[in-house]
> 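Starting off with a structure, shown below.
First the proteins, then the strands, lettered A, B, ... as listed; each starts at 1.
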Amino acid sequence: MDAANDVAVGHDLSSQLLTWYEREKRDLPWRKTGNPYAIWVSEVMLQQTQVKTVIPYYERFLKLFPSVDQLAAASLEDVLTVWSGLGYYSRARRMWEGARYICDQCGGRMPENYDSLLLVPGIGRYTAGAIASIAFGQRVAAIDGNVLRVVSRLLTWSEPVETVRTHRHFNDYLMAWQPASQPGIFNQALMELGATVCTPSKPECSHCPLAQDCQGYLSGDFLRYPVKKPKAKRQEVTRLTFVIRRGNQVYLQRRPEQGLLANLWEFPGVELRGHSTKEGLPSISYEEFLGFFQKAVPVRTFDECIRKQCELGPILHGPVWYTFSHRLWKIIWAIVDLSIYEQIAPSLIKEANENYEEKGCWISVQDLALIALPVAFKAIAEELKNEKS
DNA sequence: AAATCGGGGGG
DNA sequence: CCCCCAGATTT
């Protein structure tokens, strides 16, 4: 089967899909605007993220950064704070970089076609297609996970959908099908169908406007599609975390600019190797412990507190488990309470702040919600509260 | 082509 | 427990 053979039914499919969409479409915030910037924001947030999750973030983000200029003028710190909890934080950094690119290179106006949009940081082929078609009426496809599922079922496409060949074929197929007017409506209708009717596990084919043209439905084989390649297994890592506190305040550091949870705040810590991950708390000698601490916290002023803390008995807490898409953290933590050392703590804290005003900060437990703290560490904060009460 | 990069929803 | 989600980028 090739795209040319599919063209014959194209117009019929299109009108049935669009009629269904006008009747059944959800009332979503980004469907009330023609503002290309707002549509951009929605498309980036919706990458690998469900509609329900995105909505409150979308509203808050646009309220705080209502235009490209204001996003470009903001600090990365503030953008990440608004983004925190949404995940895939490179999206936020790249959108911020993209806003600066648009202000510097495009006179502050959003690029208006697919090829130009592709040049913006964080905008790939899907997002470029979505913005170009929805905001600017350009006749291009926007192939996301929903569309892959719908089309693979329509065609009973038996190859893995991640391949270049599949994408090329689906793009040709869709472009032969897409009407000349309102390509953005057509693209959204396909995604809406995948999100609400042609769902992964229990598609409602009885409500599908395309059922009579769907090879998957007609053959009864729709659950075999889309075919996907196997995924890599998740790796387990034990993370030793240091909760340095003084009264109501805790000490945080900024994570590196690249990699996991880039640029976000965290309780300092190290990833352990050679310790059993399956059981509860690993046994760590005093020497090891101090070594880990010195690796995690690049200021030496707390070391004396660590020494004395070690003399007070068991200090490890947890574990709590936290899963990322490709990593599993077993988080254990040690509480280093500086309020035991009333006389020396103030100077220590002062020095830490002066030396690492970019990298380290003190913050009260209740203010943890106000900064870019990964959800993984909010779990520790919750444990802290529970242990107190 | 495979790996990396979060967090939440739903079976 | 698993898989999935309006993916992009790097290796």
> Applying a 3.5 angstrom cut-off to the pairing atoms, does DNA chain B sit in any stems of at least three consecutive Watson-Crick or G-U pairs? List them by first number.
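Correct response: B:1-5 with C:7-11, B:7-11 with C:1-5.
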> If each of A:Q188 and A:Q258 is mapped to the nucleotide of DNA chain C with the nearest heavy atom, which maps nearer the 5' terminus, i.e. the 5' end?
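Nearer the 5' end of the strand: A:Q188.
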> Return the nearest nucleotide to the side chain of A:E43; candidates are C:dA6, C:dG7, B:dG6.
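My answer, after comparing the listed nucleotides, is C:dA6.
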> Choose from C:dA6, C:dT9, B:dG6 the nucleotide whose nearest atom is closest to any side-chain atom of A:R94.
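Output: C:dT9.
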> Look at the rings of A:F324 and A:Y322 and say which category their plane angle falls in: under 30° parallel, 30 to 60° tilted, over 60° perpendicular.
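Plane angle over 60°, so perpendicular.
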> Does A:H326 make a side-chain N or O approach to OP1 or OP2 of B:dC5 shorter than 4.0 Å?
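So the side chain of A:H326 is within the cut-off, an N or O lying under 4.0 Å from OP1 or OP2 of B:dC5.
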> Given B:dG6, B:dA1, B:dG8, which nucleotide is nearest the side-chain atoms of A:Q50?
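Nearest to the side-chain atoms of A:Q50, counting from C-beta on, is B:dG8.
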> Considering only heavy atoms from C-beta outward, does the side chain of A:L260 approach that of A:R255 to under 4.5 Å?
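They are in side-chain contact.
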> Closest to the A:A232 side chain: B:dG8, C:dA8, B:dA3?
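Of the options given, the side chain of A:A232 lies nearest B:dA3.
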> Do A:F170 and A:L154 come within less than 4.5 Å of each other through their side chains, counting heavy atoms only?
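They are not in contact (no side-chain heavy atoms under 4.5 Å apart), so the answer is no.
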> Let's test your reading of the model: under 3.5 Å, does the base of B:dG6 pair with the side chain of A:T49 as donor and acceptor?
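Checked by distance alone, the answer is yes.
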> Using the ring of each side chain (for Trp, its six-membered ring), is A:W83 parallel, tilted or perpendicular to A:F61, with breaks at 30° and 60°?
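Judged by the thresholds at 30° and 60°, the geometry between A:W83 and A:F61 is perpendicular.
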> I want to check one thing: is the phosphate of C:dC3, taken as OP1 and OP2, less than 4.0 Å away from some side-chain N or O of A:K228?
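For A:K228, the contact criterion (side-chain N or O under 4.0 Å from OP1 or OP2 of C:dC3) is not met.
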> For the ring-ring contact (aromatic ring centres under 6.0 Å, His included) test, which of A:F242, A:W333, A:Y286 pairs with A:F293?
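Of the listed residues A:F242, A:W333, A:Y286, the ring-ring contact (aromatic ring centres under 6.0 Å, His included) partner of A:F293 is A:F242.
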> Scan A:R26, A:K25, A:R23 and name whichever one has a salt bridge (charged side-chain N to carboxylate O under 4.0 Å, His left out) with A:E192.
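Among A:R26, A:K25, A:R23, the one meeting salt bridge (charged side-chain N to carboxylate O under 4.0 Å, His left out) with A:E192 is A:R26.
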> For atom C1', what is the distance between B:dG9 and C:dA8, given to the nearest Å?
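Their C1' atoms lie roughly 23 Å apart.
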